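Please read the structure below before turning to the comments.
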Amino acid sequence: MGKVTRFRNAKGELVSLEPIAATALKNAPGAVVDQAASGRAVVITRHDRPRAVIVSFEDFQALLRGREPGLGELEGRFEELLAAMQKPASKKAVNAAFAASPAQLGRAAAAAQRKPRKARRAG
């Protein structure tokens, strides 16, 4: 089969996929599914080439969680940002920016550019 495929299961353990021929899956599907469900993932091969992987549902969910940030995490960050924008100072700054003339915006941009780098990062 060439290179053995490994991944971190839902428990955080680094595990290798056990190669199983497609004919073994055809002849004993229940045994293969039981093996995967017990946390011993398998790679189904045809002519010694990997074709598919069977993992437990728990491992599948862990793989999905690892792909992208959870919605709850993003919602929390959004709520923090929204709350910060609702403060009186933020509202005042936004209103001033929308009411500013192009010349005022230009002067503010030039002044911000002239600030020392450390002051810009901290602010």
Side-chain angles (χ1 to χ4, degrees):
M1 180 175 91
K3 182 180 173 188
V4 175
T5 305
R6 296 165 51 123
F7 77 104
R8 291 215 180 269
N9 64 15
K11 297 174 187 169
E13 304 162 332
L14 190 60
V15 296
S16 296
L17 297 171
E18 181 181 333
I20 294 182
T23 54
L25 175 63
K26 179 182 171 188
N27 294 332
V32 174
V33 170
D34 288 345
Q35 178 178 337
S38 72
R40 296 181 352 257
V42 298
V43 60
I44 307 303
T45 63
R46 179 177 272 162
H47 305 294
D48 293 325
R49 296 188 60 147
R51 303 291 289 177
V53 174
I54 301 177
V55 296
S56 69
F57 190 70
E58 181 183 20
D59 287 342
F60 174 72
Q61 289 178 313
L63 289 169
L64 288 179
R65 281 191 302 271
R67 288 185 80 171
E68 55 190 62
L71 188 55
E73 180 182 328
L74 293 174
E75 285 176 343
R77 182 69 181 129
F78 174 78
E79 294 298 331
E80 288 173 16
L81 292 170
L82 184 61
M85 289 188 290
Q86 301 306 314
K87 294 180 180 177
S90 295
K91 286 182 178 182
K92 183 178 177 183
V94 168
N95 288 336
F98 279 114
S101 70
Q104 290 171 316
L105 289 174
R107 284 192 297 275
Q113 186 61 33
R114 284 191 297 268
K115 287 183 182 178
R117 285 192 174 268
K118 286 184 181 178
R120 274 190 266 152
R121 272 192 222 134

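On a predicted model such as this, the values are computed, not experimentally measured, just so you know. The analysis underlying the following values was restricted to heavy atoms, covering all of them including side chains, and did not include hydrogens, waters or symmetry mates. FYI, the numbering just counts along the sequence from 1.
Minimum interatomic distance between Met85 and Lys91 (heavy atoms only, all atoms of both residues): O-CG, 3.9 Å. Among all heavy-atom pairs drawn from Ser38 and Arg40, the shortest one is OG-NH1, 3.2 Å. Of all heavy-atom pairs spanning Ala36 and Ser56, the tightest one is O-CB, 3.2 Å. Residues Val43 and Pro50 approach most closely at CG2-CB, 3.7 Å, considering heavy atoms.
Residue Pro19 is tested with Thr45, Val42, Ile44, Asp48 for a side-chain contact (heavy atoms from CB on, under 4.5 Å); the sole match is Thr45.
Connection of Val53 to Phe57 is established within a shared hydrophobic cluster, with ILVMFWY side chains joined at heavy-atom distances below 4.5 Å, either directly or through further cluster members. Note on Val33 and Leu17: separate hydrophobic clusters, where clusters join Ile, Leu, Val, Met, Phe, Trp and Tyr whose side-chain heavy atoms are under 4.5 Å apart, directly or indirectly.
Taken to the nearest 0.5 Å, the CG atom of Leu82 stands 11.0 Å off from the CD atom of Glu80.
Without hydrogens or angle criteria, Ser90 side chain to Ala84 main chain gives a donor-acceptor distance under 3.5 Å.
Within 6.0 Å of CZ on Phe7 lie more than 12 heavy atoms contributed by other residues, nucleotides or ligands.
No side-chain heavy atom of Ile54 sits less than 4.5 Å from a side-chain heavy atom of Ile20. Val15 is not listed as a side-chain neighbour of Asp59, based on a closest heavy-atom distance of 4.5 Å or more.
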